[in-house]
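Below: the structure, in C-alpha cells.
In listed order, ligands and their atoms are each counted from 1. Throughout, numbering of the chain's residues begins at 1 and tracks the sequence.
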Amino acid sequence: MKEKIILEKLPEHVAIIMDGNGRWAKKRGAFRVFGHQHGVTAVKETVEAATEIGIKFLTLYAFSTENWLRPKEEVDALMELLVRSINNETETLIKNNIRLIAIGDIESLHKNCYDELMNTINITANNTRMTLVLALSYSSKWEITQAVKKIAEKIKNNIIDVNDINQELISNSLNTKDIPDPSLLIRTSGEYRISNFLLWQMAYTELYFTPVLWPDFRKNDFYSAIIDYQKRERRFGMTSEQI
Ligand code: FPP
C-alpha cells in the first residue's frame, strides 16, 4: 500500500473520527472499555503510519463534549486510558520529533489527565516533524461559541469594529488557529456523520468513510484512505480547468 502513495501529493492535515470501539468490544462479548483499550493500538499504528510518510498534521477525535454524557465508569476509564497512553508514548513522541497539542475544553478534563497532557505538550513543544492534535472534550459548536464570545468581547472593549469581522478573524478565534484546515477526514465504523467535529474547518475537506472498526484500523487502512484522497480532484468551488 505504502508504495502506491504519491509523496508529493500528501494531504497536509488528516483528521480522524475514531469510531466503533464499543461495537468492536460488543462483538467479543466484552465491556466497551475493552474496545477503547484496543483502540490505543490503532492510535499508535496511525501515528506511526502518518509520521512515516510525512503527514504534517494529524488530528484525532479522542473525546467529544457529548462523551461526558456516557456512563461514569466509561468516562473514568477513558480518562485513565488517556493518562496512561500519553504517559507511555511521551518518549516515542520525543524520539520521533512529534509535537503534541490539544483542542477542546481541556480544562474540564480530570485533573490527572490535564496534568499529563500539559506535561507532554510542554515537553514536545519544539518538535517539528509532525503535529499530533488531540481533540479532547471538543465539539465544534462549543468551539464556535467560544470564538463568537471572544469576538463580541473585543467589540465591546472597542478593540475591533463589527466591520472587522471576516472569515480570517473567525478562523483565528478558533482553537485551531495555527492549524491548517483538514485536507482529509477519515471516519471509521461505517457511520456517515461529522458528529460536531471541525465544522468550520471542514468546509472543503475530502471525506472518507470506512467500515473498519477503530480497534482494527491499521497502517494499510490509513494508506488506503490516502490513496483514495490522491485520486480526487479538489476544486474548492472552481472548475477543473481553473485548477
Ligand atoms: C468511539 O467509539 C471512540 C471513543 C469515544 C474514544 C476513542 C478513544 C481511544 C481510541 C482511546 C485513546 C486515545 C488516545 C488518543 C490515546 P465508540 O465508543 O463511540 O464506539 P461505538 O460507536 O461502537 O459505540
_atom 5 (C) of ligand 1: the protein heavy-atom neighbour that sits closest, reported with distance to 0.1 Å_ = Asn67 OD1, 3.6 Å

*If you count the atoms of ligand 1 from 1 in the order shown, which ones are under 4.0 Å from a heavy atom of Arg23?*
21 (P), 22 (O), 23 (O)

*Answer yes or no: is there an ion pair linking Arg32 with Glu73, defined by an N-O contact shorter than 4.0 Å?*
no

_Between the side chains of Glu12 and Lys56, is the shortest nitrogen-to-carboxylate-oxygen separation below 4.0 Å, so that they form an ion pair?_
no

*Please work out whether any backbone atom (N, CA, C, O) or any side-chain heavy atom from C-beta onward of Lys26 is under 4.0 Å from ligand 1, and answer side chain, backbone, both or neither.*
neither

*Heavy atom under 4.0 Å from ligand 1: found in Ile86's side chain, backbone, both, or neither?*
neither

*Look at atom 10 (C) of ligand 1 and say which protein heavy atom is nearest, naming residue and atom and giving the distance to 0.1 Å.*
Asn21 ND2, 3.6 Å

_Is the contact between Leu213 and ligand 1 made by the side chain, the backbone, both, or neither, using heavy atoms and a 4.0 Å cut-off?_
neither

*For atom 16 (C) of ligand 1, which protein heavy atom lies nearest, and how many Å away is it?*
Ser85 CB, 3.5 Å

*Is there a donor-acceptor pair closer than 3.5 Å between any side-chain N or O of Asp221 and the backbone N or O of Arg218?*
yes

*Would you tell me whether Thr176 and Gln201 have side-chain atoms, one donor and one acceptor, within less than 3.5 Å of each other?*
yes

*Cluster partners of Leu213, using ILVMFWY side-chain heavy atoms under 4.5 angstrom, listed by chain and number?*
Trp24, Phe34

*Quick one: do Glu45 and Lys219 make a salt bridge, cutoff under 4.0 Å?*
no

*Set of residues satisfying salt bridge (Lys or Arg N to Asp or Glu O under 4.0 Å) with respect to Lys154, sequence neighbours excluded*: none

*Nearest-contact summary for atom 15 (C) of ligand 1 - protein heavy atom, Å*: Leu134 CD2, 3.6 Å

*What protein heavy atom sits nearest atom 14 (C) of ligand 1, and how far away is it?*
Leu82 CD2, 3.9 Å

*Gln242 side chain vs Thr239 backbone, donor-acceptor pair below 3.5 Å*: yes

*Please work out which of Leu136, Ile16, Thr46, Val40 has its closest non-hydrogen atom nearest to atom 12 (C) of ligand 1.*
Val40

*Can a donor-acceptor pair be found between the side chains of Glu116 and Asn87 at a distance below 3.5 Å?*
yes

*Among protein heavy atoms, which sits nearest to atom 19 (O) of ligand 1, and what does the distance come to when rounded to 0.1 Å?*
Arg70 NH2, 2.9 Å

_Sub-3.5 Å N/O-N/O distance, Gly22 and ligand 1_ = yes

*asked:* Looking at ligand 1, would Ser189 count as a contact under a 4.0 Å heavy-atom criterion?
replied: no

*atom 6 (C) of ligand 1: the protein heavy-atom neighbour that sits closest, reported with distance to 0.1 Å*: Ala62 O, 3.4 Å

